[in-house]
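Predicted model, so just to flag it, every value in this text is computed and none were measured. Counting convention: from 1, in listed order, for ligands and their atoms alike.
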Amino acid sequence: MLKNNLGYPRVGAHRELKKASEQYWAGKTTRDELFAVARNLRIGNWQTQSAAGIDLIPCNDFSFYDQVLDMSLLLGVIPERYTPVLTQNKANNEIDLYFAMARGYQKDGLDVTAMEMTKWFDTNYHYIVPEFVQNQQFKLFSEKVFEEFNLAKQHINATPKPVLIGPVSYLLLGKEKQASFNKIDLIKKLVPVYIEVLNRLKNYGAEWVQIDEPFLALDLTQQEKEAYVYAYKEISKNCPGIKLLLTTYFESLQGNTQLAVNLPVSALHIDLVRAPQQLDEVLELLPTGLRLSLGVVDGRNIWKNDYIKSISHLKKAIAALGEDRVMVAPSCSLLHTPFDLDLETGINPEIRNWMAFAKQKLNEVNELAQIINGDNALLQANLQAISSRNLSKLIHKQQIKQRAAAITDADAQRASAFGTRQKIQQQRFQLPMYPTTTIGSFPQTDDIRSLRARLKKGELSPAQYDEQIEKATIDAIRWQEEIGLDVLVHGEFERNDMVEYFGERLDGFLFTKNGWVQSYGSRCVKPPVIYGDVSRPADMTVRWSAFAQANTDKLMKGMLTGPVTILQWSFVRDDQPRSETTYQIALAIRDEVVALEQAGIKVIQIDEPAIREGLPLRKKDWQAYLNWAVRAFRISASGVRDETQIHTHMCYSEFNDIIGNIADMDADVITIETSRSQMELLAAFADFKYPNEIGPGVYDIHSPRVPTVDEMVSLIEKAAILLPAGNLWVNPDCGLKTRKWPETRTALINMVSAAKQLRQLVVETTVS
Ligand code: GLN
Ligand code: ZN
């Protein structure tokens, strides 16, 4: 049974690639220095995999920024606006062209924007979206894949397995930059380059080539299915002697199984962690010539593999196909897991014994093969770890489980309907038309961040730290009062991150020291780990919100992160449905909301920016997800009286297809990111006749640019045509923590002026 790996994290155990890239971008190091770091990382990864006994070791899974961008360079899909970068900088051209496409280019009198970036399926990894034009040409451009293959050959004993994104998925990942054509029609022009690449790899000695086609596990149109048949027939006809390992992940082939198993390739990889149910159908339909790679080790999470489960899949496949047609593998590339659990010396050893990072997962693949060969001791050791987790008191808290099980529909329901609540709240708050507010955070300056660093190092006592944060909070309050905002925020100066802050205060969470995962380019995130039943031992935000409210006569908005977002941005336990975990978090947030109300906070915002990104990859699964996600939000929001106003906030998302569910969240006020789309996004809310109050963002907080009063007035006027003016709020797109104070000040002063101008207009029209 071959041991197969699909990809390995590339940033380095200590984020070496991040540091090297950022230094290079800052002009502090040379290209050769950057290349040397990258080369060592690759060699280290190959040696690790080789030492772990992996047979099919990937190469070209390394990337300086993103593997989709690598494909664009390989295939010569370079938008025209970058041509000057290439010709201007002859010596360093390819890598600088590459970074220009990823990050934009502002040098030597050139000013070229970056390519768009979006999420890689339902992960938190972002890729650079290929841009296609109608007469798109493809030609072999970058030599990276060949260089990497040749380098890998020198460093491992086995023949390395180059990884490519397949032609159909590559097209589907991209975007048409002109309206007049369908990207899938480019397949005929694209396939010849793949043929050229594969034949060259074969000439260098490649045997297996992994070709990722994740879209095979998604909903496909007839035309897309035909593109698959066409592409793989052409490739198999023109690339004799190369063995293709067609790789799918993140979902089941369901509906596309016939298509996938009949493509002329040598092996098929399926994800049995996400979609174990697909194994039976695949085994039944698999033609005799095809091998099967079983993705049984979770490439998306940090838990130790349950060998009993994996072995039963493997045995079933071996019984049907024979051992030499079966491969064992992680479910997907290990890119989405952190590097090495051995570095985590601070975790409770009992919990650590349930976990596995990328390096440990390689070992699991190896051990599974040994168990198939009869090594019973390995199975026993695993069994012990798994059952200790199943029974652990650290995880299982009867009281929490009972409370979650006892949730009723009434718990997910405000006392009165929105219409009634709105009247009560209007009476109570007496806000002007077009009330102004912000989304929560104010600039996290170096001063603020260094306070936290000094607290950690023990250079500041907790009391000294609090005193400084109080000072920043009061300054922010005074300033908001001065410029005339209507509903104030405390500024979130005490928070490092909107999920981490809550995770640190909830039971059932732990934090790693080095558990970094690449998010995009050199950016990494360190998601908290939810290992057990979640509860809230004490108030989390009341101290700061109450302090802030005590320092102003204006309304002070309490600020919380919602249950779905906390779940979505963490590594979540896999021993119960995600919905269960979310309900537990929802109850904890609910208690915090009630505590804020009791402390005199009248307006409370529960942020859910991640609710849309949690949508399943297959449309048929959407409703089930939306049902529990919306319910979890409602549970967190419904413990308060009618007179307490609940806000929610979401960042830029396509709302069109889920607007009914957003409305169903029944927040009194929703604030959303709309300014960049010039309010286009609001159309969904207008068409739906969204009933509750809404604050469409009037300025883009991702840019330091200060919007003018007129701009914002016209955006609000646009919104007022689409929605009842009496329901509109005026606010920025999102929190301001990444901005600097000078631009924030001017922008918010302008925003308040814009609201005042509009109010004046209303007065004038009513009088005349
Ligand atoms: N309240 C958070 C903030 O203002 C919201 C951030 C977000 O939506 N991503 O920073
Ligand atoms: Zn936001």
Side-chain angles (χ1 to χ4, degrees), residues 119 124 126 436-445 448-449 452 469 472-473 476-477 480 485 487-503 505 519-520 523 525 527-528 540-541 544-545 548 556-570 589 592-593 596 601 603-614 629 633 636-637 645-655 662 665 667 669-677 681 694-703 729-741 743-744 747-748 751:
K119 276 182 190 257
N124 217 345
H126 300 70
T436 52
T437 190
T438 61
I439 307 305
S441 58
F442 278 128
Q444 283 266 335
T445 55
I448 296 288
R449 265 195 279 262
R452 250 189 307 283
I469 298 285
T473 308
I477 293 172
Q480 292 174 80
L485 280 156
V487 176
L488 312 194
V489 297
H490 73 283
E492 301 182 23
F493 300 111
E494 78 287 7
R495 300 186 190 175
N496 33 9
D497 168 272
M498 66 185 290
V499 170
E500 194 169 344
Y501 181 83
F502 290 91
R505 282 158 185 79
S519 171
Y520 65 91
R523 292 283 201 123
V525 293
M540 303 186 283
T541 64
W544 290 109
S545 287
M556 175 60 62
K557 188 158 58 163
M559 204 60 59
L560 304 171
T561 303
V564 183
T565 299
I566 293 182
L567 182 95
Q568 202 58 36
W569 292 350
S570 302
I589 300 295
E592 185 71 13
V593 171
L596 283 169
I601 305 299
V603 180
I604 301 165
Q605 177 173 313
I606 308 171
D607 291 325
E608 282 291 23
I611 210 159
R612 190 174 193 299
E613 72 184 52
F633 176 84
S636 68
Q645 187 171 66
I646 298 289
H647 290 218
T648 190
H649 164 74
M650 283 172 208
C651 305
Y652 187 89
S653 317
E654 264 311 311
F655 291 113
I662 305 281
M665 290 166 73
V669 182
I670 183 172
T671 56
I672 54 169
E673 181 176 335
T674 41
S675 76
R676 249 193 288 185
S677 71
L681 215 59
I694 177 165
V698 293
Y699 84 82
D700 179 8
I701 59 89
H702 295 106
S703 150
W729 286 64
V730 174
N731 46 261
D733 272 344
C734 189
L736 296 157
K737 65 173 169 245
T738 56
R739 295 270 60 87
K740 302 262 181 284
W741 269 112
E743 74 236 22
T744 300
L748 287 179
M751 187 185 91

Using 0.5 Å steps for rounding, measure from the [atom1] atom of [X] to the [atom2] atom of [Y].
X: Ile611; Y: Leu567; atom1: CD1; atom2: CG; value: 11.0 Å
X: Phe442; Y: His490; atom1: CZ; atom2: NE2; value: 10.5 Å
X: Glu743; Y: Leu748; atom1: CD; atom2: CG; value: 10.5 Å
X: Ile646; Y: Ile604; atom1: CD1; atom2: CD1; value: 5.0 Å

For this session: Establish, from distance only, whether the side-chain atoms of Thr671 and His649 form a donor-acceptor pair under 3.5 Å.
Result: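 Yes, because at least one side-chain N or O of Thr671 sits under 3.5 Å from a partner of the opposite role on His649.
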
Exercise. About how large, to 10 degrees, is the angle NE2 of His649, then the Zn ion (ligand 2), then SG of Cys734?
Worked result: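 Value, to the nearest 10 degrees: 120°.
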
Exercise. Which heavy atom of Phe502 sits nearest a heavy atom of Met559, and at what distance?
Worked result: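 Where Phe502 meets Met559 most closely, the heavy atoms are CZ-O, 3.9 Å.
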
For this session: Check Lys737 against Ser441 and note the closest heavy-atom contact, atom names and distance.
Result: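 Looking at all heavy atoms of both residues, the closest pair is N-OG, 3.2 Å.
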
Exercise. Is it the side chain (CB and beyond), the backbone, both or neither of Met650 that lies under 4.0 Å from ligand 1, heavy atoms counted?
Worked result: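 Under 4.0 Å from ligand 1, Met650 contributes no heavy atoms.
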
For this session: Have a look at ligand 1 and work out which part of Ser441, if any, has a heavy atom under 4.0 Å from it: side chain, backbone, both or neither.
Result: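 The answer is both.
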
Problem set entry | Trp569/Asn124 under side chain to side chain contact (heavy atoms under 4.5 Å, CB included): CA gap, chis, key distance, verdict | CA-CA 8 Å; Trp569 292 350; Asn124 217 345; 3.9 Å; yes

Exercise. Any ion pair linking Lys119 and Glu613 (charged N to carboxylate O, less than 4.0 Å)?
Worked result: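 Lys119 and Glu613: salt-bridged.
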
Exercise. Taking N or O atoms only and a 3.5 Å limit, does Ile439 qualify as a polar contact for ligand 1?
Worked result: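 Between Ile439 and ligand 1 (N or O atoms, distance only) the closest approach is under 3.5 Å.
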
Exercise. Going by distance only, is there an N or O of Gln605 that falls short of 3.5 Å from an N or O of ligand 1?
Worked result: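 Min N/O separation from ligand 1 is not below 3.5 Å for Gln605.
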
Starting from [atom], which protein heavy atom do you reach first, and at what distance in Å?
atom: atom 6 (C) of ligand 1; value: Met498 SD, 3.5 Å
atom: atom 1 (N) of ligand 1; value: Asp607 OD2, 2.6 Å
atom: atom 7 (C) of ligand 1; value: Cys734 SG, 3.5 Å

Proximal ligand 1 atoms for [X], defined as those under 4.0 Å from one of its heavy atoms:
X: Cys651; answer: 7 (C), 8 (O), 9 (N)
X: His649; answer: 8 (O)
X: Gly735; answer: 3 (C), 4 (O), 10 (O)
X: Glu492; answer: 1 (N), 2 (C), 3 (C), 4 (O), 10 (O)
X: Gly440; answer: 4 (O)
X: Lys737; answer: 10 (O)

